[in-house]
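These values consider heavy atoms only, across backbone and side chains, with no hydrogens, waters or symmetry-generated copies. These numbers come from a predicted model, not from an experiment.
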Amino acid sequence: MADWNGRTPFISSIDGLCWKSSFLALAALLCLCTLPGCSGPGKDKQNQESTQVDRPDPVEGVVYDIFSDIELVVGVDYEDIEGVPHNVQFFRGEPVILSKLVNSEDEKHTADIWLYGAGGQSEPVVEGLPASEIRYGEGFLDEEGCYYLLKVDRQRTITTVTKYDHSGKKAYALERATENLQKCSLGEGKMALLYKDNATNRMVFELLDTATGAVSEVKLKDTARFWKTVWLGTDGAAPYLLDTDGIYKVDPENGEITEWLTFGGTSYALGAETFFEKGNIDSFRIEENGDVKILWGAILGVSIAESLNVPVGAARLETIQRRPLDESRTILTMRVSWVPYQWLKNQIMEFNKKSRDYYVLVDTADTSQTLVELGTGKGPDILYGDHMLGDSLYSLIQKGVFEDLTPYMERSGVRPEDYFNMAFCSYGSDGRVYGINPIASVWGLAVDSCLLGEENSLGDIDSFLDALLELGDTAVYATNQDSGEVLQRLLQSSDNLWGMVDWEKGTCRLEGELFVKLLQAAKNLGDSDRKSYSPVVADISIGFSTNISLEDSMYAGKTVTGELFDDGCHGWAKSHLSLKINAGSSNKEGAWEFLSYLLSREIQEMKDLSEIPVHRGAFATRAEEEISNEFRYKELTGEDVAWVEAWYEDTRFMSARVQPLIDIIKNEAGGYFDGSKDIEQVRHAIENQIQLYLDERR
């Protein structure tokens with residue numbers, strides 16, 4: 001695997017298309033991918049030639065999704081293998097497992113490579129290799145059956161690729177400045193190489209002439225779209241790239257990259273199981289009929305394989321297909337501004353398999369489109385996350401855009417007492433729930449002792465600001481946070497701006513030293529290149545691995561504490577990944593069926609939940625599993641669990657209704673931060689604008 005950092009994920013353009021239904025438009029567009037020509041795998045050169053296949057365009061009005069099936073096609077147990085598992089790969093279009101057998105009794109000290117395929121067949125494919133070289137490298141067979149050894153140096157900066165012929169004789173060697181080099185046979189004596197160059201930090205794509213060892217680089221265009229892990233595959237002749245957003249075809253002549261299949265707007269999630277259940281992606285192939293075969297390979301140690309009761313070597317094929325949806329089910333659209341996190345994508349897939357009445361599809365749109373749709377009583381059935389709503393969250397709540405979930409909870413038996421309070425987002429309303437958090441998201445601060453009071457806490461806002469001001473301008477509040485962001489943090493946890501706003505009377509008064517201290521502290525402690533000391537590490541995630549994180553040097557000498565709220569210090573819960581129901585939806589019962597499914601104890605206890613569940617019973621089950629997990633980096637004790645649970649019992653949400661006021665303050669405070677205005681000018685401007693805001697809403 002290789003990681004490349006770049007900009008936000010690529011999303012295909014939809015300009016110029018007309019759609020009959022607003023809620024089906026984007027989902028249908030992102031699902032209705034016209035699959036271009038492709039060819040299937042073959043075992044000889046004739047079959048390896050790329051054959052163009054024209055797939056029919058999707059039928060107008062028919063909504064498609066991507067379906068996935070996975071099966072174990074090759075599995076080798078320890079007692080049945082020659083030597084040790086070495087690699088999992090496609091060989092002549094079929095998944096195989098390679099093992100390496102060192103002939104320790106041989107005078108020449110050689111090694112043989114064995115191949116294991118579907119149906120249980122096994123055979124030696126390369127013999128007489130130098131054992132000293134093979135022992136610590138990863139092997140690969142090209143379509144002609146020649147063997148390539150990939151070895152990474154001790155500094156993990158250089159990968160050497162050495163080719164051996166059938167007799168074990170060295171043909172040539174190449175060196176590449178990377179530790180993660182992907183390879184894929186393209187047929188006709190060509191192999192594709194893909195890696196991130198350590199020297200230039202760029203994505204490199206090369207074509208290797210397997211006979212001569214000659215390499216030619218193909219300059220790829222628009223590689224910035226690949227900001228996550230990328231895998232290399234083929235249709236038997238042309239190279240393709242795969243990431244969690246979709247599949248892309250590479251033109252080896254000019255380096256053009258074109259989207260071939262998008263996972264956006266579908267329920268498909270790449271990598272639905274954990275490593276031990278599925279392994280790592282080795283490669284993928286595209287069949288003549290447009291199906292995609294993803295090869296998941298797992299090479300495990302004997303003890304781990306025995307404890308999990310799985311083979312030491314396993315090759316699993318995942319087949320993904322684009323198929324029309326069953327028209328008998330109602331489509332529920334879930335609007336996102338980015339791809340949902342893995343657990344949620346997995347549960348969408350599971351819900352779609354189990355539900356007889358509903359089917360969830362994901363669509364994407366920018367904030368402006370979403371707000372326009374919601375403002376006219378239209379839009380998606382379910383909204384994912386708060387960020388897509390910009391600064392309009394509280395005003396949308398006031399206008400009744402989100403459905404109150406309390407009656408649904410009562411009818412379906414969802415009891416708040418069975419969950420930690422961060423499961424339900426009230427956004428400051430009394431007795432109403434407008435969103436759910438299906439996973440725990442609790443955060444705290446790590447601060448230096450100089451900022452703590454006598455009870456080892458932040459005390460009150462006045463004492464905390466006094467401690468910050470004593471630092472002068474020698475420190476930054478938190479890394480990468482400018483003065484405006486510091487001001488946001490100092491204000492966001494108070495529902496009344498530390499007493500400066502009276503919601504009942506509708507008044508704003510910024511007199512007194514508190515306002516002055518807030519602006520001075522924010523100005524002093526904004527991030528700057530000339531300051532490296534940070535007394536605060538913001539956003540410490542509270543979970544079963546928090547204590548491991550706290551051993552990091554950046555937390556040295558710091559104490560973990562809660563955020564300062566109006567009634568003291570508490571952990572704070574984020575609602576940025578919450579799910580809400582559009583009050584204008586005609587499918588509200590179906591939307592609630594999906595949300596309540598996510599909250600059910602059965603789903604909350606799913607083993608692939610990488611985060612911590614919000615259901616108390618599921619939390620207890622998960623804690624027991626973590627305590628008994630022998631593969632944890634650090635042992636988890638009952639005391640550790642109790643510490644985490646105490647945080648989860650004592651959490652608060654940031655107030656939604658105060659954010660519009662903070663935006664006003666931050667905007668006007670910019671003049672003070674850059675020196676163009678004094679505090680009195682800023683105070684006067686802010687008071688006037690906030691008072692106008694309050695008067696308009698009385």
Side-chain angles (χ1 to χ4, degrees), residues 12 24 26-42 50-73 90 93-95 118 231-249 258-273 277-279 281-297 315-329 331 339-340 342 345-356 358-363:
S12 57
L24 283 179
L26 205 53
L29 172 64
L30 293 174
C31 291
L32 300 179
C33 304
T34 302
L35 302 186
C38 52
S39 70
S50 179
T51 303
Q52 199 74 10
V53 177
D54 294 324
R55 288 177 60 91
D57 290 338
V59 178
E60 183 178 359
V62 177
V63 181
Y64 287 73
D65 197 10
I66 295 176
F67 293 81
S68 168
D69 293 297
I70 188 168
E71 62 175 332
L72 175 66
V73 290
F90 280 116
E94 302 297 334
W231 295 273
L232 180 65
T234 181
D235 62 7
Y240 289 74
L241 302 177
L242 164 72
D243 68 5
T244 54
D245 295 324
I247 299 175
Y248 314 83
K249 188 173 183 178
T258 56
E259 186 179 83
W260 188 83
L261 177 65
T262 179
F263 301 151
T266 74
S267 64
Y268 177 72
L270 179 67
E273 283 82 20
E277 295 171 319
K278 205 171 193 179
I281 294 177
D282 172 79
S283 185
F284 64 97
R285 292 185 71 90
I286 297 171
E287 308 286 86
E288 288 187 16
N289 62 1
D291 292 351
V292 180
K293 303 284 189 180
I294 301 175
L295 178 59
W296 295 83
R316 292 176 172 84
L317 270 185
E318 180 181 11
T319 302
I320 62 174
Q321 301 174 316
R322 187 202 60 183
R323 300 201 302 262
L325 296 182
D326 180 359
E327 295 181 359
S328 66
R329 290 198 279 178
I331 294 175
V339 177
Q342 190 66 50
K345 286 281 282 185
N346 295 344
Q347 300 319 314
I348 292 173
M349 288 171 37
E350 290 301 313
F351 176 83
N352 289 342
K353 291 177 183 178
K354 296 177 181 179
S355 177
R356 293 179 297 180
Y358 300 101
Y359 200 95
V360 176
L361 281 182
V362 178
D363 73 7

Could you work out, with ring pair (Phe, Tyr, Trp, His ring centres under 6.0 Å) as the rule, every residue matching F351, not counting sequence neighbours? F594, Y597
About how many Å separate CG of D326 and CG of N352, when rounded to the nearest 0.5 Å? 11.5 Å
Under the side-chain contact (heavy atoms from CB on, under 4.5 Å) test, residues paired with R356 that sit two or more places apart: none
Taking the side chain as every heavy atom from C-beta outward, state whether I70 and L317 have any atom pair closer than 4.5 Å. no
Which heavy atom in S267 sits nearest to a heavy atom in V360, and how many Å separate them? CB-O, 3.9 Å
Regarding R329 and the six-membered ring of Y359, is the cationic atom NZ or CZ under 6.0 Å from the ring centre and inside 45° of its axis? no
Would you check, one step at a time, whether the test side chain to side chain donor-acceptor pair (under 3.5 Å) holds for Y240 with D235? CA-CA 8 Å; Y240 289 74; D235 62 7; 3.2 Å; yes
Between L242 and I294, which heavy-atom pair has the shortest distance, and what is it? CD2-CD1, 4.2 Å
Donor-acceptor pair, side chain of S283 and main chain of L232, under 3.5 angstrom: yes
Taking W231 as the fixed residue, which of I247, I281, L295 is the one that meets the side chain to side chain contact (heavy atoms under 4.5 Å, CB included) rule? I281
Give the minimum heavy-atom separation between R285 and G236, together with the two atoms involved. NH2-CA, 3.4 Å
Supply the atom-to-atom distance K354 NZ to Q347 CD, rounded to the nearest 0.5 angstrom. 7.5 Å
Shortest non-hydrogen separation from S355 to Y358 and the atoms involved: OG-N, 3.0 Å
Nearest heavy-atom pair of L270 and D243: which atoms, and what distance? CD2-O, 3.9 Å
Could you check if a side-chain atom of T266 sits within less than 4.5 angstrom of a side-chain atom of F67, using non-hydrogen atoms only? no
Grab the two heavy atoms, one from F284 and one from L241, that are nearest each other, plus how far apart they are. CZ-C, 3.7 Å
Hydrogens and angles aside, do T319 and D291 bring a side-chain donor and acceptor to less than 3.5 Å of each other? no
Heavy-atom side-chain contact between I66 and L261 under 4.5 Å: yes
Roughly how far apart are I320 CD1 and Y268 OH, rounded to 0.5 Å? 4.5 Å
